[in-house]
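Below you'll find the structure, written out as structure tokens, and then a few comments.
By convention in this document, chain letters (A, B, ...) are assigned in the order of the sequence lines, proteins followed by strands, and residues within each chain are numbered from 1.
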Protein chains: 2
Amino acid sequence: MSTAGTIYASNRRDELIAAAASCFDRDGFGAASIRNIAAEAGMQTASIYYHFESKDALLLAVHEQGLRHITAATSQAIEGVEPGWDKVLAACTAHLQTLLGGDPIYKAIMRPLPVTLEVRQQIVDMRERYENIFRDLVADLELPDATDRRYLRLMLLGAMNWSFMWFQGGESDIDSLASSIVANLRNSLELGT
Amino acid sequence: MSTAGTIYASNRRDELIAAAASCFDRDGFGAASIRNIAAEAGMQTASIYYHFESKDALLLAVHEQGLRHITAATSQAIEGVEPGWDKVLAACTAHLQTLLGGDPIYKAIMRPLPVTLEVRQQIVDMRERYENIFRDLVADLELPDATDRRYLRLMLLGAMNWSFMWFQGGESDIDSLASSIVANLRNSLELGT
DNA sequence: GTCTATATGCTGATAGAC
DNA sequence: GTCTATCAGCATATAGAC
């Protein structure tokens with residue numbers, strides 16, 4: 001951080017992560033090639049291996065970066081908001097704004113992983129750490145006794161994450177999608193018992 | 001259909017589709033290899049090309065088969081049921097029972113497609129044809145005027161299809177998941193205006 | 001840190017015998 | 001319908017110069 005050399009190195013690493021995210025999104029992890037990733041970052045194939053020891057390590061780095069950013073965005077959005085459905089709405093809006101905002105890294109990480117991937121468990125754990133934000137938000141809701149809070153959380157996350165499969169629109173559409181999803185649940189569940 | 005030879009050929013084709021579905025699910029389309037698919041079906045690599053002209057054609061066949069089966073299952077489940085939330089529940093239960101019932105073909109088709117894939121649009125169209133069942137079911141619901149029926153349908157499908165990412169359980173868990181998803185929506189939206 | 005060059009193996013697909 | 005044999009190309013990764 002204190003020398004030009006270090007900053008340069010760090011930038012190149014981030015450029016590689018961005019290029020990898022773009023390729024993983026477009027082609028899927030298996031079909032994406034180190035060659036294409038390097039080319040997209042303006043590098044030779046072999047140069048990648050100075051920054052990452054393998055293609056798997058690159059996938060892990062893409063997940064770390066994407067999940068770190070969306071965690072920051074969602075955490076910031078709910079800061080200071082009173083627990084309850086409004087806080088859930090704030091989190092969902094931030095979640096969807098980040099996911100659908102245009103950076104391919106989120107499409108690259110919010111999808112099924114090959115079962116043979118060795119780093120799979122690490123990635124699953126990272127995802128769950130992020131989703132704990134929503135577990136806490138749902139825990140704070142007043143809900144009918146019969147409500148399964150785990151299913152409610154997973155339903156919410158599923159409804160949002162699946163939007164990659166069909167969403168095409170702008171920022172205001174994202175907000176109305178978030179509102180719609182939360183409204184469809186809160187009206188009904190807010191009534192108690 | 002009338003000769004033993006024809007039946008045999010048809011069986012082998014179906015075996016290839018099943019093997020391909022298993023490999024596409026496990027490895028992803030890009031990383032799955034024709035060689036592994038052939039091996040899993042007990043064939044040599046080249047023999048696949050008698051039944052399918054390319055790997056893309058195989059992916060298309062996997063989608064045709066999977067979507068034909070789930071369309072049949074869901075259509076049958078809602079047959080004769082009075083329009084309304086009970087009919088939605090019947091459809092969701094059938095949808096989830098089929099998806100999570102253990103056949104890897106559904107995990108292979110309910111996931112993002114590589115954008116470079118040539119048969120992509122055909123697959124997207126096939127998916128949408130199936131999802132029209134849910135469009136019709138939601139159209140028949142009595143809902144508050146402000147409700148966006150398209151978002152409601154996509155929310156429902158997203159909540160269900162994302163369950164691949166976390167679901168581990170048996171048949172009764174699938175039923176309670178379907179009930180939970182539908183119940184979380186129906187109570188509230190049933191009340192009108 | 002990035003390069004050129006290369007090792008080693010796997011890829012989708014084809015040719016042609018049986 | 002399935003086989004053996006093979007083509008041409010691309011994969012991840014490494015070696016070593018600069």
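Taking atom CG of residue B/Asp56 and atom C1' of nucleotide C/dG12, one finds them 11 Å apart after rounding to whole Å. Rounded to an integer number of Å, the gap from B/Tyr50 OH to C/dA17 C1' is 17 Å. Straight-line distance from the CD1 atom of B/Ile37 to the C1' atom of C/dT11: 12 Å, rounded to whole Å. Distance B/His51 NE2 to D/dG1 P: 7 Å, rounded to the nearest Å. Atom P of nucleotide D/dA11 and atom CG of A/Leu58 are separated by 15 Å, given to the nearest angstrom. Atom C1' of nucleotide C/dG1 and atom CD of A/Gln44 are separated by 13 Å, given to the nearest angstrom. Rounded to a whole Å, the CG atom of B/Leu59 is 12 Å from the P atom of C/dA13. The distance from atom CD1 of B/Ile48 to atom C1' of C/dT14 is 14 Å, rounded to the nearest whole Å.
Which of C/dC3, D/dT12, C/dG1 sits closest to the side chain of A/Lys55 comes down to D/dT12. Distances from the side chain of A/Ala46 to the nucleotides C/dG12, C/dC3, C/dA15 place C/dC3 closest. In this structure, the nucleotide among D/dA13, D/dA5, C/dA13 sitting nearest to the side chain of B/Tyr49 is C/dA13. In the set C/dT2, D/dT2, D/dA13, the nucleotide with an atom closest to the side chain of A/Met43 is C/dT2.
A/Val62 and A/Ile17 make their closest contact through CG2-O, 3.7 Å (heavy atoms, listed as atom of the first residue, atom of the second, distance).
For the pair B/Glu53 and A/Thr45, nearest-nucleotide mapping onto DNA chain C gives the more 5' position to A/Thr45.
B/Ser33 has a side-chain polar atom (N or O) that falls below the 4.0 Å cut-off from OP1 or OP2 of C/dT11. Checking the phosphate oxygens (OP1, OP2) of D/dT2, a side-chain nitrogen or oxygen of B/Arg12 falls inside 4.0 Å. Side-chain nitrogen and oxygen atoms of A/Arg35 include at least one within less than 4.0 Å of the OP1 or OP2 phosphate oxygen of D/dA11.
Annotation: cation-pi geometry not satisfied between B/Lys55 and B/Phe24 (NZ/CZ under 6.0 angstrom from ring centroid, within 45° of ring axis).
Residue-level contact check: A/Ala32 touches the backbone only, with heavy atoms under 4.0 Å from sugar-phosphate atoms and none from bases. Contacts of A/Ser47 with the nucleic acid, taken as non-hydrogen atoms under 4.0 Å apart, include base atoms.
Note on residues 147-158 of chain A: no pairs pass salt bridge (Lys or Arg N to Asp or Glu O under 4.0 Å), not counting sequence neighbours.
Aromatic ring centres of A/Tyr130 and A/His95 lie closer together than 6.0 Å.
A/Met43 is not listed as a side-chain neighbour of A/Ile37, based on a closest heavy-atom distance of 4.5 Å or more.
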